[in-house]
Protein chains: 2
Amino acid sequence: MLSERQMMILRAVVRDFTNTGVPVGSKTLAKQLPIHVSSATIRNELAALEEQGLIEKTHSSSGRIPSGEGYRYYVDHLVKPDPLRPNDMDVIQSSLGGDFHKIDEIISQSATILSNLTSYTAFTLKPELKNSRLSGFRLVPLGKRQVMAILVTDSGDVENQTFDVNETVTGDQLEAVVRLINDQLVGLTLPEVLQKLQADIPMKIANYLQSPEGFLDIFGDVLTRAAQERFYVGGRLNLLNFSQDSDVDSLKSLYSLIDKTDDIANVLGQPSDKISVQIGNEMTNDALRNFSLITATYDVNQHGKGMIAILGPTRMPYSRMLGIVGAFREELAKKLLDYYRFYDE
Amino acid sequence: MLSERQMMILRAVVRDFTNTGVPVGSKTLAKQLPIHVSSATIRNELAALEEQGLIEKTHSSSGRIPSGEGYRYYVDHLVKPDPLRPNDMDVIQSSLGGDFHKIDEIISQSATILSNLTSYTAFTLKPELKNSRLSGFRLVPLGKRQVMAILVTDSGDVENQTFDVNETVTGDQLEAVVRLINDQLVGLTLPEVLQKLQADIPMKIANYLQSPEGFLDIFGDVLTRAAQERFYVGGRLNLLNFSQDSDVDSLKSLYSLIDKTDDIANVLGQPSDKISVQIGNEMTNDALRNFSLITATYDVNQHGKGMIAILGPTRMPYSRMLGIVGAFREELAKKLLDYYRFYDE
DNA sequence: CTTAGCACTTGTGATGTTTGAGTGCTAAAA
DNA sequence: TTTTAGCACTCAAACATCACAAGTGCTAAG
């Protein structure tokens, strides 16, 4: 249990350290704090906080820095989101104000805005399409030998892929295949479709095409892409600013991490309605030891919930970041509701 | 003019330095060289080479490293491409051996292979589509309010984009627009189309749609994308290995460089049939000072010429790299000819 | 419980010192 | 004329030394 004063001191330690990056000592604190007690008193309190594992020294006679647990305590009990700077709000509203023709543009743009505001790396995910169903499949012939496969889900997602067919395949055959797929698969969820694709579909298709493998590849491909959640990433390069001692290897693993959708999903974890903060040492992934992750959902009513996140150094100004994330999720939700409203009616 | 012996020495300096990264001194050279002369003799020759600006010292009593001009002389007169390692050839053939359904897949895969072989960053560009012409345009309705715009060129490139329309637009109207575009614009080169798009098309479209702007945006967008050469980049992360003293800023500008198609095109320069090497100091871009660029075209007969390139530190083993690039361009050309042959007939 | 005071610790940065690899030059040998 | 041995000189890099500033814990008095 912490006393009022200890909380005040812990808060000051975190604040000062996240601002300056320098371990903070008793004298500095004595000057900064609203109460006036001597540095010796502070030292005693610091010793107590260290006892509880909330702060630590970088060497035996250094000032204190927050430990992982210290950050945890801070974000759980002490931090208060900063109100957004007026300028930041302008940035958000003007960047989101334009005319968009696709949800994905809005979501991708959001990642950029967030990374600009924070100068960290940002992730965005569009409203969930977990249980979306296949609502249509097309094969559009484009020329002598090119065909585009288009897949549409009931949540409005579209995946497509062009491929070349050799000319032994006729338009009739393609049409038969399309009809087959639309008859048998439309209405199923994407995982179900994938499963059927392994099972009975190949045989049925073999009735129309002599070598269905190529086609099944394509269809499977488009399907997996559609079934996969796609994260947009903004401000990739900002990671470079925080690779302390420029450890190339950890940078590389960081980058391969954020380029794999599955890994990101893993790291971001399950969405919760609260804004959540993960401190570096709490994350399983070693490359993230010195980073923290702030994630939040945004709620677009009947259109589901999406997710935004920022990844920055553990030593980040949490109050400001929480303010930004909090405000942004609201604005994004508003924008999307607007967007849907326009097209719904 | 260089004597035989000076050439031999210059070659040895470049080779040794590119291998070890350490400035090379007279004694080392005396041991390494096939002729046996004393280190003092070598010193005299080194002084002569330095006189001509081909090598330089890092400080007044250091060994020598090649200057920009030295590298230039080396690649122009002294280097001989290494034959490919058998293992490398296996890698190429197996990576290129698979079944591809699109040219773009082959070209993109090529960038990856090249970067793996060299452990540098690689660029690939598909056979040129400079003068390709618009050969078709479609609007495919996908659902209540989604439409996909598809544009096809006579060189087989396809660009597409999905967008939402509000429901006041009818299928008939869309069809009219498509007909208009196909009537007026098919057969023109893409730049011509772009130009017409600025001029008389908007008025004509206004006959069918009350607010054509959104649509023109989309069409323009797809069109510019199609008109633009697209470079594939492989091994981005390898750049991290060579950011000496981990200069974050130059790394950032490097990355923003390779993510802008226009900039890459600029840097790679005009294709020539010979394999060409650009040494860091010869390139206008400051971020590339410590890099060299090897570019080569590959020739797919009537299907035009494409380009491959690798970007690595100026201090790279040129003979090996030239060998790899030389072999790869051949293999890639073969693969593409195969690919076209299959679909041509 | 708070505080002044003091001895103690440690990173940092400035200043030498040593070492080793390298150079240019000179004068003799080939 | 070219090559070579020899020598004095230079410089980066590694290491040691030192002073100092910022910090600590502890003790004893307020």
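Quick note on labels: first sequence line is chain A, next is B, and so on, each numbered from 1. Values below: every heavy atom of this structure, side chains too, minus hydrogens, waters and symmetry copies.
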(request) Go through the side-chain N and O atoms of Thr58(A) and Ser62(A) and say whether any donor and acceptor fall under 3.5 Å apart. (result) yes
(message) Ignoring hydrogens and geometry beyond distance, is a side-chain donor-acceptor pair present between Ser110(B) and Thr124(B) at under 3.5 Å?
(response) no
(message) Strictly below 4.0 Å, N to O, side chains only: are Asp88(B) and Arg320(B) in salt-bridge contact?
(response) yes
(request) Find the distance Ile42(B):CD1 to dT3(D):P and express it as a whole number of Å. (result) 10 Å
(message) Rounded at 0.5 Å granularity, tell me how far CG in Leu268(A) sits from OG1 in Thr297(A).
(response) 12.0 Å
(request) Nearest whole angstrom, please: distance from the P of dT3(D) to the CG of Leu33(B). (result) 13 Å
(message) Quick check on DNA chain D: between Ser61(B) and Asn44(B), whose nearest nucleotide comes earlier from the 5' end?
(response) Asn44(B)
(request) Round to a whole Å and report the spacing from NE2 of His59(A) to P of dG23(D). (result) 10 Å
(message) Check the phosphate of dT4(D) against Ser39(B), side-chain N and O only, distance under 4.0 Å to OP1 or OP2. Yes or no?
(response) no
(request) Starting at atom CD of Glu56(A), determine the distance to atom C1' of dG23(D), rounded to an integer number of angstrom. (result) 16 Å
(message) Can a side-chain donor-acceptor contact be found between Ser26(B) and Arg43(B) if the only test is distance below 3.5 angstrom?
(response) yes
(message) Heavy atoms only, 4.0 Å cut-off, all strands: where does Lys27(B) land among base, sugar-phosphate and nothing?
(response) nothing
(message) With a 4.0 Å cutoff (strictly under), does any side-chain N or O of Ser26(B) reach OP1 or OP2 of dT23(C)?
(response) yes
(request) Check the distance between dC11(D)'s C1' and Lys57(B)'s NZ and give it to me in whole angstrom. (result) 11 Å
(message) Looking at Thr41(B), I'd like to know whether one of its side-chain N or O atoms comes within less than 4.0 Å of OP1 or OP2 on dT4(D).
(response) yes
(request) Mind calculating the distance between CG (Leu29(B)) and P (dT23(C)) to the nearest angstrom? (result) 8 Å
(message) Base of dG6(D), side chain of Arg43(B) - is there a donor-acceptor contact under 3.5 Å?
(response) yes
(message) Which is more 5' along DNA chain D, the nucleotide nearest Val37(B) or the one nearest Ser60(B)? Just name the residue.
(response) Val37(B)
(message) What's the closest nucleotide to the side chain of Arg64(B) if the choices are dG22(C), dA4(C), dT23(C)?
(response) dT23(C)
(message) Between C1' on dC26(D) and CD on Glu51(A), what's the gap in Å once rounded to a whole number?
(response) 16 Å
(request) May I ask you to check whether Asn241(B) and Lys252(A) show a side-chain donor-acceptor distance below 3.5 Å? (result) yes
(request) With a 4.0 Å heavy-atom cut-off, tell me which residues in residues 8-25 of chain A come close to DNA chain C, sorted by residue number. (result) none
(request) Only one of Leu54(A), Leu29(A), Leu10(A) passes side-chain contact (heavy atoms from CB on, under 4.5 Å) with Leu46(A); say which it is. (result) Leu29(A)
(message) Rounded to whole Å, how long is the line connecting atom CD of Glu45(A) with atom C1' of dT3(C)?
(response) 14 Å
